[in-house]
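Proteins get letters first, then strands, A, B, ... in listed order; numbering begins at 1 in each.
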Amino acid sequence: NAGVTQTPKFQVLKTGQSMTLQCAQDMNHEYMSWYRQDPGMGLRLIHYSVGAGITDQGEVPNGYNVSRSTTEDFPLRLLSAAPSQTSVYFCASSSVGNTIYFGEGSWLTVV
Amino acid sequence: QQQVKQSPQSLIVQKGGISIINCAYENTAFDYFPWYQQFPGKGPALLIAIRPDVSEKKEGRFTISFNKSAKQFSLHIMDSQPGDSATYFCAPTSNFGNEKLTFGTGTRLTIIP
């Protein structure tokens, strides 16, 4: 059982480039979400989804897009990378009333 | 508006001692109070959680104490071990809203021999 799988693990982007962070879960969870973690700030919610076809914004959504075409996948798109988006990104999934599972993180550097 | 305040920011405890981390919140609608543990290079993982209908919950060496009137809850680690060295986050939420959590800023715990 793979749980929550994030790819890539590490990525360096140039300012203005676009990319997609992939997230997949094999637990048939309804809820999926993306967080970013910055030093001294804990984890902050970027976008979340309560089911296929349904997404909503979190605390820090600017500069990011998401879609949820299937239950398993929840990709995070950076449209035009900026140095302020240098961070560690975590994907999470859960079912109603159950434990939240996090992926191992994606380290992104924008130069 | 900062809804969740966690303290201390860092903590050093001797092996065998008691580690105490605190979390204060403002939103009275919160009804689920978890602590997450994160090791370097890994994602957070649920450690222990409590509902507001009880004031304390114990799982092995880990205890959550909950004070509803003060809007605070704390994590106590008894007989702290070097393997407990990690960053700990509180993340209270409402209606068991798994889809979106508000995390505290984290406490880096170091257990020294």
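- Put simply, of Gly103(A), Pro39(A), Gly58(A), Gly42(A), the one with the most heavy-atom pairs under 4.5 Å next to chain B is Gly42(A).
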Query raised in the report: Should Leu45(A) and Leu101(B) be marked as a side-chain contact (heavy atoms from CB on, under 4.5 Å) after you check the CA-CA gap, both sets of side-chain angles, and the distance that decides it?
Result: CA-CA 7 Å; Leu45(A) 181 66; Leu101(B) 300 176; over 6 Å; no

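- The salt bridge (Lys or Arg N to Asp or Glu O under 4.0 Å) check on Lys15(B) picks up nothing, with sequence neighbours excluded.
- In the displayed structure, Arg108(B) atom CZ is contacted under 6.0 Å by at most 12 heavy atoms of other residues, nucleotides or ligands.
- For the residue pair Pro44(B) and Phe102(A), the shortest heavy atom distance occurs at O-CD1, 3.2 Å.
- The neighbour count for Lys9(A) NZ, taken as heavy atoms of other residues, nucleotides or ligands under 6.0 Å away, is above 12.
- A single hydrophobic cluster is not seen to contain both Leu79(A) and Val66(A); linkage of ILVMFWY side chains at heavy-atom distances under 4.5 Å, directly or through other members, places them apart.
- A continuous path of Ile, Leu, Val, Met, Phe, Trp and Tyr side chains, each step under 4.5 Å between heavy atoms, connects Ile100(A) with Tyr32(B), placing both in one hydrophobic cluster.
- Annotation: residues 35-43 of chain B contacts chain A through Tyr36(B), Gln38(B), Gly41(B), Lys42(B), Gly43(B) [non-hydrogen atoms, separation under 4.5 Å].
- Cluster annotation: Val54(B) and Ile64(B) are assigned to the same hydrophobic cluster (Ile/Leu/Val/Met/Phe/Trp/Tyr, side-chain heavy-atom contacts under 4.5 Å, transitive).
- Among Leu43(A), Val88(A), Asp38(A), the residue making the largest number of heavy-atom pairs under 4.5 Å with chain B is Leu43(A).
- Taking the side chain to side chain donor-acceptor pair (under 3.5 Å) definition, one finds that Asn65(A) meets it with nothing, sequence neighbours left out.
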Show which side-chain atoms of residues 16-23 of chain A pair as donor or acceptor with protein atoms under 3.5 Å away, not counting sequence neighbours.
{"residue": "Gln17(A)", "atom": "OE1", "partner": "Lys14(A)", "partner atom": "N", "Å": "2.8"}

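- Interatomic distance, CZ of Arg44(A) versus OG1 of Thr102(B), reported as 12.0 Å (0.5 Å rounding).
- Hydrophobic clustering (side-chain heavy atoms under 4.5 Å, transitive across Ile, Leu, Val, Met, Phe, Trp, Tyr) keeps Ile20(B) apart from Phe73(B).
- Residue Gln37(A) touches chain B through its side chain alone, counting heavy-atom pairs closer than 4.5 Å.
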